Engineer: 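First, the structure itself, so that you have it in front of you.
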Amino acid sequence: MKQPKKRRFQLSERQLGYAMVAPSIILIAVIIIWPIMLSAWNSLFDYRLNDPAKAERISSLSINLETYADNRYLVYDTMDEVRDAMPDAGGTLDDITTALDEQHETLLNTDEGLAGRYEEVNTMLENFQPVNDEELRLADVPEEWADGFANTLDEQTAAVQALRDGAPEEAVQPLTDLESQLSNTQGSILEPNFVGLKNYTTYLGDGRTWTAMLNTLLFTVVTVGVELAVGLAVALLINRVFIGRGLVRAAVLVPWAIPTAVAAMMWTFLFDGQSGIMAHYMAQFGLIDDPGALLSTGAGGMFSIMFADIWKTTPYMALLLLAGLQTIPRSLYEAAEVDGANKFQQFISITLPMIRSAILVAVLFRALDAFRVFDLIYVLTGGGPANSTESISVYAYKLLFEQQNFGAGSALSVIVFLSVALLSTIFIKLIGSDLFSGRLKQ
Amino acid sequence: MVKRAGVGFYIFLIIFVFLVMFPFIWVFLTSIKPQGEIFSSFQWFSSNMTLDNYASALETRPLLMYMLNSFVVATLTTIISIIVASFTAYAVTRLPIRFKGLILGLVLAASMFPQIAVLSPIFNFVTDAGLRNSYLGLVIPYITISLPLAIWILSTFFIKIPLALEESAKLDGATPFQTFRKIIFPLAAPGVFTTAILVFIAAWNEYLFALTINTDDRWRTIPVGISFYQSQYTVPWGDITAATVIVTIPIVILVLLFQRRIVAGLTSGSVKE
């Protein structure tokens, strides 16, 4: 009697477990994994937002039904205007209409559902709705049709140009409009912009990518190294009882807690060539040639960025390591003392092994953070002077949103992603199961 | 290793704290100098202190609007991710499900990936959905950062609660969800609160998504807004330092109030207890 009841309870507990995990897994899949896959897919195209012919991914020769329908409507509308302004052009205009209609009919017959899709797009345009659905807007077209269509458009454009030569003044403007609308119609035919790995080969062969990569590596190694060394020293020194612990802890947390962009603005001011106190004193003590050198030279810029990062993060590192130090039982040191070990021996054979996993975890998270550095550099130097302080994320961002080159930018962001994946795999191998020990029962 | 602190120690401590706080001190002192003195002198104190920079900082850019935007976005992000994450953390730490290691591995991987790798698809998605320049347009991408963080920290708090409590709830006839809602969640409340603070700070500080998605000044958040104080031709240091002081104050208050919790949250993952 008891046995089956218990099993049912267990079962429903397990079902509840899956139900509770599901929302997170779905969210992670939809807003992290799927976008990463899209980035990888985008990186295989010559995909540029600022070029209408390349503003989306086109795997095969296609027509953009939205611009096609839009221009078709405009062409017919303008032809009516021309008719009003220049009655004797009627014959030529009829020819144009026949030629275009013939191509239109052929187009709608190339694929079964195309006529229906064209109607749908047309209705949406009449209601001033944008056609955002890629599935609806883009249709594959056969190459013969596209070639024939291009020829027809060229012929009709030539006919319009011929008409304009003898046209009365009031017909010149509509004829010019007509000409440009015909050539815009040509723009609704989209050549495939799938380029395979070309974005990768181009940008991996580009000096700027490697400079950015080296800057990122240098930044990661130097900042994490210094933060670890200084943070450990500070943690060892303050690992004792003293008055004002809370206050020190708060003081140390503030740089960590403020937005990186705000910290970067503060340091821009302190490093400024004219009013910056850091630049002023560094020049006075002969550390730099002149106060302006910090933000106007590559080496000065790199130093500034690293210094600001070390300032912001060392206290945080010290706190993490301090928490590690506080878990070491005092009895270990007492026993070592009895055995005659000196302070340095104690540090090497007790402290370091005991906080090994705390160090590795702290370094893992810091290194990954440092490797994807963006805000600090973007605000402090903007990657300059002359791209000499650019990190790989900053370069990817500039390609994506300043040059609107989504293909190349995606390729670089995939490279960042793969580097981070490699880095974390190495660390997780080193740390092993310790990473999960606080979360799973073995 | 508990040592008594000596005089030398306190001197070291004061120097350390001074170095850490120096940029704040200097920025604050600059913010109350009159315009002319900022560019000309490296004097610590000004003879004629003024609040002009503060008035100007609030006038030239909608600083309070930025703060409101940041507050709304960070709060929404925190609420959503804490609710979803607490379910997952509970299930992974306390319910008999399979693939726990796999799920946590996925969460860890999700917390490590670089944001730039999802930026352009998310930008396209938010644009197509008409969510550019809105609160929701930022909350969605912020979940990518806050959800893994929240699950990761919450699970360390959930696992510390003794399993015996669930056993007795079971015996008293509580359903598994009742056990979660009435027993475990309230017991983990301090940990949940700690996690909420950390998630809130992470969302408050986010820059990359905010810069890309909310480009309208009306919808900018604090980190982005403040970086726009410098224009191409002039750098109004008076305004910038005053604005920096204004936006740092809430953080200082938050840290002073909750420092113990913040440290507990930060170290929960890295230290075995």
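The basis for the numbers below is simple: all heavy atoms, side chains too, and nothing from hydrogens, waters or symmetry mates. Since this is a predicted model, take the numbers as computed values, not measurements. Chain letters run A, B, ... following the sequence lines, proteins first, then strands; residues in each count from 1.
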Engineer: Do B/Ile262 and A/Arg249 have side chains that approach each other closer than 4.5 Å (heavy atoms only, starting at C-beta)?
Structural biologist: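 A side-chain contact under 4.5 Å is absent here.
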Engineer: Which answer fits A/Phe417, side chain, backbone, both or neither, if we ask what part of it has an atom under 4.5 Å from a heavy atom of chain B?
Structural biologist: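 For A/Phe417, heavy atoms of backbone and side chain both lie under 4.5 Å from chain B.
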Engineer: Quick check: do B/Trp26 and A/Met278 have side-chain heavy atoms less than 4.5 Å from each other?
Structural biologist: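 A side-chain contact is absent here, since even the closest heavy-atom pair is not under 4.5 Å.
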Engineer: For chain A, which candidate among B/Phe99, B/Phe22, B/Tyr207, B/Phe125 shows the most heavy-atom pairs at distances under 4.5 Å?
Structural biologist: B/Tyr207
Engineer: Between B/Trp152 and A/Phe365, what is the ring plane arrangement, given parallel below 30°, perpendicular above 60°, and tilted in between?
Structural biologist: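 The rings of B/Trp152 and A/Phe365 sit tilted, inter-plane angle from 30° to 60°.
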Engineer: Got a donor-acceptor contact below 3.5 angstrom from the B/Thr144 side chain to the A/Ile31 backbone?
Structural biologist: no
Engineer: For the residue pair B/Trp237 and A/Phe269, does the interplanar ring angle fall in the parallel (under 30°), tilted (30 to 60°) or perpendicular (over 60°) class?
Structural biologist: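 Plane angle between 30° and 60°, so tilted.
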Engineer: Examine whether an atom of A/Phe401 lies under 4.5 Å from a heavy atom of chain B, and if so say whether it belongs to the side chain, the backbone or both; otherwise answer neither.
Structural biologist: side chain
Engineer: Report yes or no: does A/Arg372 contribute a side-chain atom to a donor-acceptor pair with the main-chain N or O of B/Phe113 at less than 3.5 Å?
Structural biologist: yes
Engineer: Determine the option with the most heavy-atom pairs under 4.5 angstrom with chain B, choosing from A/Gly246, A/Ala22, A/Ser419.
Structural biologist: A/Gly246
Engineer: Check each atom of A/Leu322 against the heavy atoms of chain B and say whether the ones under 4.5 Å are side chain, backbone, both or neither.
Structural biologist: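 The answer is neither part of A/Leu322.
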Engineer: Quick one: which of A/Leu368, A/Asp369, A/Leu237 has the most heavy-atom pairs under 4.5 Å with chain B, could you say?
Structural biologist: A/Leu237
Engineer: Within this structure, what is the CZ-CG distance for the pair B/Phe87 and A/Leu16, rounded to the nearest 0.5 Å?
Structural biologist: 9.0 Å
Engineer: How many angstroms lie between CH2 in A/Trp256 and CG in B/Asn205, if you round to the nearest 0.5 Å?
Structural biologist: 8.0 Å
Engineer: Give the member of A/Pro255, A/Ser24, A/Ala19 that has the highest number of heavy-atom pairs under 4.5 Å with chain B.
Structural biologist: A/Ser24
Engineer: Can you give me the closest heavy-atom contact between A/Ala251 and B/Met21, atom names plus distance?
Structural biologist: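 Nearest pair, atom of A/Ala251 first, then B/Met21: O-SD, 3.6 Å.
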Engineer: Between B/Val84 and chain A, with a heavy-atom cut-off of 4.5 Å, which part of the residue counts as in contact: side chain, backbone, both or neither?
Structural biologist: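 Backbone plus side chain of B/Val84, per the 4.5 Å heavy-atom cut-off to chain A.
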Engineer: Select, from A/Val420, A/Val234, A/Val21, the one with the greatest count of heavy-atom pairs under 4.5 Å involving chain B.
Structural biologist: A/Val21
Engineer: Please identify, among A/Leu319, A/Val414, A/Thr268, A/Leu423, the residue contributing the most non-hydrogen atom pairs under 4.5 Å to chain B.
Structural biologist: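 Highest number of pairs under 4.5 Å: A/Thr268.
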Engineer: Return the option, out of B/Asn124, B/Thr127, B/Val27, with the maximum number of heavy-atom pairs under 4.5 Å with chain A.
Structural biologist: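 Of the options given, most contacts go to B/Asn124.
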Engineer: Could you check whether any side-chain heavy atom of B/Phe123 comes within less than 4.5 Å of a side-chain heavy atom of A/Leu400, counting everything from C-beta outward?
Structural biologist: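 No; the side chains remain at least 4.5 Å from each other.
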Engineer: Chain B: which of A/Leu38, A/Val254, A/Ile277, A/Ile36 shares the most heavy-atom pairs with it under 4.5 Å?
Structural biologist: A/Ile277
Engineer: So which part of A/Ile33 gets closer than 4.5 Å to some heavy atom of chain B, the side chain, the backbone, both or neither?
Structural biologist: side chain
Engineer: Distance check, rounded to the nearest 0.5 Å: B/Leu208 atom CG versus A/Tyr378 atom OH?
Structural biologist: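 Answer rounded to 0.5 Å: 9.5 Å.
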Engineer: Is chain B contacted by the side chain of A/Leu270, its backbone, both, or neither, given a heavy-atom distance below 4.5 Å?
Structural biologist: side chain
Engineer: Nearest heavy-atom pair of B/Ile97 and A/Gly17: which atoms, and what distance?
Structural biologist: CG2-CA, 3.6 Å
Engineer: Of the backbone (N, CA, C, O) and the side chain (C-beta and beyond), which part of B/Thr241 lies under 4.5 Å from a heavy atom of chain A, both, or neither?
Structural biologist: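 Contact with chain A involves the side chain of B/Thr241 alone.
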